[in-house]
Amino acid sequence: MLAEGFDLHRPSSVAEALEFAGRFPGEFRYLAGGTDVLPGLFHGLGATRHLISLQDIAELRAFVPEEGRIGAMVPLGTLAESPELRARFPAVAEAARQAASPNLRNSSTLGGNLLLDTRCTYYNQSAFWREALGYCLKNGGEECRVVQNRERCYAAYCGDLAPSLLVHDARIEVAGPKGRHLRPLKDLYDPQADGRTPFRLGPGEILLSVSLPHEKVRSTYLKLRARSAPDFPEASVAIALTLEGKKLRELRVAASGVATVPLLFEDLTLPLIGHAMTEEVARDLAEKVSRRLHPVTNTAFPPDYRKHVFRHFLMSGIHELQSGTH
Amino acid sequence: MTGTIGGRVPLVDGPQKVTGRAQYAGDLQRPGMLHAKIVRSTEAHARILSIDFSAAREVPGVAALLSGERYPRTFGVLPITQDETLLAVGKVRYRGEGVAAVAATTVEAAERAARLVKVEYEPLPEYDDPRDSTGGVTVKIHDESPGSTNLQKEVRQEFGPVDEAFHSAAHTVEVSGTFQGVTHAALEPHAVIAEYGPDGRLTVWASTQVPHYLHRALARVFDLPAHRVRVIKPEVGGGFGGKGDPMPHELVAAALSLETRRPVKLVLSREEVFYLNHGRHPTRNKVRLAAGADGTLTGLEVEALIDGGASSSFGTVTTYYNGVLSVGPYRIPAFRYHGQRVYTNHPPSGAMRAHGSVNTRYSLEVAMDILAERLGMDPTELRLRNFLPPNTTTLNEFRITSNSVRECLLAARERSGWAKKFRSLPLGQGIGVGCGFFISGSNSPIHFTPKFPQSTVHLKVDVDGGVTVHSGAADIGQGSQTVLAQVVAEVLGVPIERIHVSEVDTDTSPVDLGSYSSRVTFMMGNAAERAARSLLEQLKKAASDLTGLPAPSFVPAGDALSAPGHPEATIDFLTAVHKAMEHSGALQSSGSYESPPLGGSFKGAKAGTSPAYSFSAYVAQVDVDLDTGRIGVGKVWAAFDCGTPLNPLLVEGQIEGSIHMGLGQLLGEELRYRKTRLMNPSLLDYKTVSATEMPEVECLLVGKADPEGPFGAKEAGEGPLPPILPAVANAVYDAIGIRFTDLPLTPDRVWRALRDAEKAGGLRKPRPPEAHAR
């Protein structure tokens, strides 16, 4: 049950939503599919006076898979079941298919998944549980419960869609009080920030849509989780890879579930462009990538196992994409 | 037989459930109803110094505030261990225990007020590891424990020449297992409404498996005569043992209703259900087998250290069951058991599906597999060599009657293609076997006074020819109402649509002890059969009166009574009913079941005695991902002896559900504690198996009619669970040559073991036995 009530607002346009946001500075949250925000509220997490639902804004529901345009309020189930999306952006469709569970995918949205709050064993608990232990950094407390320290929160980013969209070089459109603008998806995530608020989004800004470039790229998404539904990723990898003859024309790798933000490893993959992707190169890349991962003990599986499976997924994903090219 | 028994009859209460119209306790409303919330302890073991209600009292809508001292009388499911109070009195024993309670006009007001109750604690030493509870305890959890221990129950049993058996054995095998706590995770969280009416009667609607024991606990705690207490069981959305005790929150709701004279509703959150727990005990056990050179078992020794959590619950029974339920399905000529159940500051453990038998069964069946390998023998052959026969007595004096365990194993072996697969599949793939047996109803009632049958059924026929069945047996989703309807329809020879099974209401239902120990089909079924036969006699008499033929010439069939050889004398059911009630205006009957005297005369001899036992043999095939450690269970051949299945549809449902639950404990479920803190009190973090991980299950119902079961039936509710865990674990060994004795086998643990095996000289399949099974 919700301990304290809130007012629900249902704007029918982006402009109206921004108007509501301007009216309640610091006292509102946007509500997309609600599959993460509402369970949080039931636990007393992210309590707010005003919820501004984006449900009735038609613009946000636009879905044009053949042009790579996806409105932020498109349900993950729609993405999972779109043959056009699967044909052009396989990792995106696959990530949607592996997110949550069939019933949750009917409600949960692309935008909600990209802006999914970071998660931690010590944070995603009831008010009673957190009170009994004493609050953590992300919850207004003094100390992190996972890694004993007073500065940095280690809650993990566990969205499924971000890595796939990152390797497909997605751009996002954002609307704010000063108007609309386009930017790369990777700029939405602040690698310097900790697990408390890792998103680069100004006050009142709304994520409107995602657009994907037209070129054809082979891609895949592999996800570690305890059960095939409804669990969040414990570690996941998206890979986009195109060959020209035997040489790499394009290679991008991104991860989720292993840090406070989704990670894109451009500096490790760019030097490989134009070279052959051998077994040794793949292994070397997997080693270098996995050294960048610092999972901590705040999910179901231990960190070393998550890193191991991540490495394995990265190697087998590269192998799968290469062999499929022939 | 007239066709209802043995048919695939869908649940009689199925349509109302699948259309969402079934009323569970949480759906019920009463006029003027208040809502209650329990304030729970943030400490695991602490003295309560003070409870400050002053801020809570100010919340608008608050009607009552309660702490434990108001009703300090203890209760518990077993008369010998009544160690629970409705709210903590003086001290708390686990984190999440109720300390105070609030009733208010709305749920929100109750929650707000509950949060404002301030409790001051003085922490006491916390007991997390059961090994620390066996001695050197400085502050006991319950004063009743002997010496400086937190011991709740200790059992020592010895039968036959145990030392000699191990001394002279050709082979001995020892397996030490560690088992985490698991919990029922029934779909419906517990809920209750209590209403103390102006007539001075207390009525309680509760999501319970044991209306009768709840009835007794309410009368005891509030010092009310039992006839002023009424318990009604609405639809229940699963129990699995988790609703098998009178529960503290049920008494809290009743107390708040007594205080306010208004109906009070209390619905537990999922998190609260985890704290209520009463699930399977975290356990460390050791199983030792002694065998002759030909594989004949000569001795068995079992030790178990059981983490009971903060109260007793069914724990005395659990402690016995961890030992005595290992004396079958194999012939054991010498047996020694030492079991200890200790209190810790974890939420209470209790009874959970296949109560007390699962963990010992796992270690024992793994030990059998190891023994077979030592002997160079196929593990199915080793089992066949040692099975108990039908109609025998175990060394601890369990009376075994019908027993088709041999047929079970032969069927599972045949259907699975065992001979071609065992030790022959590629690395990473494997096949394994596990067997078991289970009680078909505990022979001893929990309460001995007053003396009455374990189950009674009343039948009442209306002038319209409808038959209403009154029984105190709790249908918690397993289908006991359907079985009742089938049995009565079968005896009377009428279509099942004539039968209406009334919900449990202690005002109208005769006593049935409840849905636990897999007793309902056997005991209630027998009572129902007797009630229906008694009714049939009255109908035959009516038919005789109408035709002049002697009553015994009539047989029931096709909604009528007919006399073979006299086609003109067929009397339809309704005509017979009207004749039978011509002068009384009523037609009713009763039947009851009392189990026969069973068991020896030594201390604890009654534990594990049952009028019948189910038997099982499962074969499982698995695929272990050598890179990630994930165990995929592909197929299970589940051979089960429940005597004559009264309703194969329901039996198969029980087998599939048991496999799902057993795989949960084996592969992922665990109540994860850091010290005394439960880390995963939610269904997202407590990893029950999802539908996509379920294997294909082939059910093989190969039992023969049991001489005492209703229409030859035995239980199928719990016995189908234990064999799946060792069958899969033995299959994993066949796949990768690694033995796992600590549960659960999560992929990270399997991966670690795979890595260690590779470091230690490489991963390979175990060697095939010298002699294969034919």
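Sequence lines set the chain letters: A, B, ... in the order given, protein chains first and strands last, and positions in each chain run from 1. What's counted below: heavy atoms across the whole structure, side chains too, no hydrogens, waters or symmetry copies. These figures come from a predicted structure and were not determined experimentally.
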With a 4.5 Å heavy-atom cut-off, do B:T628 and A:H308 have their side chains touching? no

Heavy-atom cut-off 4.5 Å, strictly under: side chain, backbone, both or neither for B:R749 against chain A? neither

Side-chain contact, heavy-atom cut-off 4.5 Å: A:Y122 with B:M679? yes

For chain B, which residues from residues 285-300 of chain A have at least one heavy atom closer than 4.5 Å to it? A:T297, A:A300

Does atom CZ of A:R49 have more than 12 heavy-atom neighbours from other groups under 6.0 Å away? no

By a 4.5 Å heavy-atom criterion (distance strictly below it), what part of A:L133 contacts chain B: side chain, backbone, both, or neither? both

Rounded at 0.5 Å granularity, tell me how far CZ in A:F232 sits from CG in B:L684. 6.0 Å

Can a donor-acceptor pair be found, under 3.5 Å and without considering hydrogens, that links the side chain of B:E693 to the backbone of A:S228? yes

Structural part of B:L667 lying under 4.5 Å from a heavy atom of chain A: neither

Is a side-chain donor or acceptor of A:W129 paired with a backbone partner of B:L678 at a separation under 3.5 angstrom? yes

According to the ring pair (Phe, Tyr, Trp, His ring centres under 6.0 Å) rule, which pairs have a member within residues 668-691 of chain B, sequence neighbours left out? B:F274-B:Y686, B:H346-B:Y673

Heavy-atom side-chain contact between A:Q125 and B:S682 under 4.5 Å: no

Are B:T692 and A:R227 packed together at the side-chain level, in the sense that at least one heavy-atom pair is separated by less than 4.5 angstrom? no

Is B:R630 reaching over with its side chain to a backbone N or O of A:A226, donor-acceptor style, under 3.5 angstrom? yes

Honestly, the part of B:R270 sitting under 4.5 Å from a heavy atom of chain A is neither

Is it the side chain or the backbone of B:T688 that comes within 4.5 Å of chain A heavy atoms, both, or neither? both

Residue, of B:P681, B:G629, B:A109, that accumulates the most heavy atom pairs under 4.5 Å with chain A: B:P681

Could you check whether atom CG of B:L187 has more than 12 heavy atoms from other residues, nucleotides or ligands sitting under 6.0 Å from it? no

Residues of residues 120-128 of chain B within contact distance of chain A, non-hydrogen under 4.5 Å: none

Determine, for A:D304 against B:R752, whether the closest basic-nitrogen to carboxylate-oxygen distance falls under 4.0 angstrom. yes

Please report the interatomic distance OG(B:S690) to CZ(A:R225), rounded to the nearest 0.5 Å. 8.5 Å

Just to verify, what does A:R283 make a salt bridge (charged side-chain N to carboxylate O under 4.0 Å, His left out) with, not counting sequence neighbours? A:E279

The interface call for B:R677 against chain A, heavy-atom contacts under 4.5 Å, is side chain

Distance (rounded to the nearest 0.5 Å) between B:S269 OG and A:F128 CZ: 10.0 Å

Under 4.5 Å between any side-chain heavy atoms of A:F301 and B:W751, yes or no? no

Grab the two heavy atoms, one from A:N124 and one from B:D685, that are nearest each other, plus how far apart they are. O-OD2, 4.4 Å

